[in-house]
Each structure stands twice: as C-alpha cells, then as structure tokens.
Amino acid sequence: MKIATWNVNSLRVRLEQVCDWLGKVNPDFLALQETKLTDENFPSAAFEALGYQTLFSGQPTYNGVALISRETPTDVLTNLKGMQDPQHRVLGATYGKIRILNLYVPNGQSIDSEKYQYKLQWLKKLDLQLADDLAHYERLVVLGDFNIAPEDNDVHDPAAWEDDILVSPLERAALERIKKLGLTDVFRLFDQEDKSFSWWDYRAAAFRRNRGLRIDLILASKSLSQACSYCRIDTEPRKLERPSDHTPVVAEFSL
DNA sequence: ATGGTGGCGCGGCCA
C-alpha cells in the first residue's frame, strides 16, 4: 500500500501536476491540503479518469483537504472531536482495514499572533481525537501538512529559526505528545539524506538554495510502522514551472 | 534586504 501527502496550494492551479504525478507514482492514497476549492468546484472527473475516487472538505479561498483513493471511503470525519471549525482542515476515512486522517494543521503565523493560540488549541483537540482513533483503529495513518518541523535536522538553519513559528518549543512539544500516544514519523525509520525538506518558501530562491523545512509528515500506528518499507520526499514536482511551495512525501507499507 | 513570492480575487489576507 502506497500513500502520499501533498500540500498543493490551490488544486485549481496544480491539477495537471497532481494528475501527472499520480500517473507516474501510482499511489493507493493521496492526501491533499490547501485545495482552496469549494466542494461544488472539486475536479472529481479528472481523478475518476485515472481510476481514483475522491473525498473532499473544502471552502472558498483558504484551507480545504481531500483524499484521492483507489478504494471507497467509509466513516468520514471532517472535524476533530469536540470542534466545529469553520476552517476545513480535517478529513478522516476508513478504507478496508486502514484508517486515514488527513490534516492541514494551522500555520500559526508568528508566536505572538492569535493564530498561534488557535494552532496550540487545535493541537490539543487533535490529541483527544488521536487518542480516540488509536483506541479504535489498529492500522492508523495520520498525515498531512503539520506546519511543525519536528527536530533541528528538519530545518535548514536551526539557529536562524530558533523559537520561530513552525519550530517553537510548544509546537514541538505538542507533536511529541502526539507521537507518544503511539504514532511514528515513518520518514525517520530510514536513512535519509541530510537536509531533506518538504517545503521551501517561494521567496529568496529558497528551493534553489535548499533553505527548507520538513513539515509534511506521515505518522503511523505501531502495526503499520512495522510494515513500512520506505518513506521518501519526491522533490521533482517542486522543480516544475509554477510549483506548489510544498512537495509530496510518499510511504509504502507491506500489507 | 524587517524584504522577498504566490494564490485568491481585485484590496488585503494568508502562507
């Protein structure tokens, strides 16, 4: 089973790139974030033409998440436990024996922003949701744009980023809490190149200079992480004309 | 360089 995550920063703009990528990589599941589309505008036909089914939770202009899959989803979730968030950032579904939770974690803007408090509150709600999910689903994948770089080796210049948004201690503590519930960042199960990142700012030629962060993660429950055969970041889409600022992360599980 | 670029949508917000 091959599963991937990609923050596309507008599915309208990136649709052709996403379809080309699906044709090349052929994942069983693709979790998308920042689709920036209303549900009535979701381009399902393009995915159906490639043999995929679609599930989405969108809104105008901002946010929006989707799951592209070979199988049919059941038990769909669009809000964290105890939340009625007008920002559409969550999409959970069951596919056979696999439970998938696709997340677009709030960015937080800066640590003195109200948006940072929203991010921290959101991550507390996520804690409750994941405790519940882990109790119910043995095979759980939680993936998406976490907007948190877990460790200093996930940051191009840790000194420059110290205490900044995406790396601040409270955010990292929230991610640690989540992992301690029983989820593994499968990228770090394997040897990886130094300075492996999944996001680079559009500004200041950050991609060319590899000034990035690894903030797009695939977390797996114990039985799944033991079955993980690889996890890699595919930097090819970031090299295209008019790319997303994020690039896909892919993991395979031998099931 | 306290800026820079990109998406949405047409001014200003968000990342």
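Numbered from 1 within each chain, the chains take letters A, B, ... in sequence-line order. The analysis underlying the following values was restricted to heavy atoms, covering all of them including side chains, and did not include hydrogens, waters or symmetry mates.
The same atom, C1', is picked in dG7(B) and in dG11(B); the two are 14 Å apart, to the nearest Å. Taking the P atom of each, dG9(B) and dG4(B) are spaced 24 Å apart, rounded to whole Å. Straight-line distance between the C1' atoms of dG3(B) and dA15(B): roughly 15 Å, to the nearest whole Å. Nucleotides dC10(B) and dT5(B), compared at atom P, are 23 Å apart to the nearest Å. Nucleotides dA1(B) and dG12(B) place their C1' atoms 23 Å apart, quoted to the nearest Å.
In summary, of the residues considered (T61(A), N41(A), N9(A)), a side chain to side chain donor-acceptor pair (under 3.5 Å) with K36(A) occurs for N9(A) alone. Applying the side chain to side chain contact (heavy atoms under 4.5 Å, CB included) test between L224(A) and each of I98(A), L140(A), V186(A), I218(A) identifies I98(A) as the sole match.
When all heavy atoms are compared, the tightest approach of K2(A) to Y230(A) is CE-OH, 3.3 Å.
Aromatic ring orientation, H246(A) versus W199(A): tilted (interplanar angle from 30° to 60°).
The side chain to side chain contact (heavy atoms under 4.5 Å, CB included) check on Q117(A) picks up L120(A), with sequence neighbours excluded.
A cation-pi arrangement is absent between R70(A) and F29(A), since the terminal nitrogen or guanidinium carbon is not both under 6.0 Å from the aromatic centre and inside a 45° cone about the axis.
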Subject >> Where protein sits on nucleotides 6-15 of chain B, one letter per nucleotide: B base, S sugar-phosphate only, - none, heavy atoms under 4.0 Å >> reply: SSSS---BSB

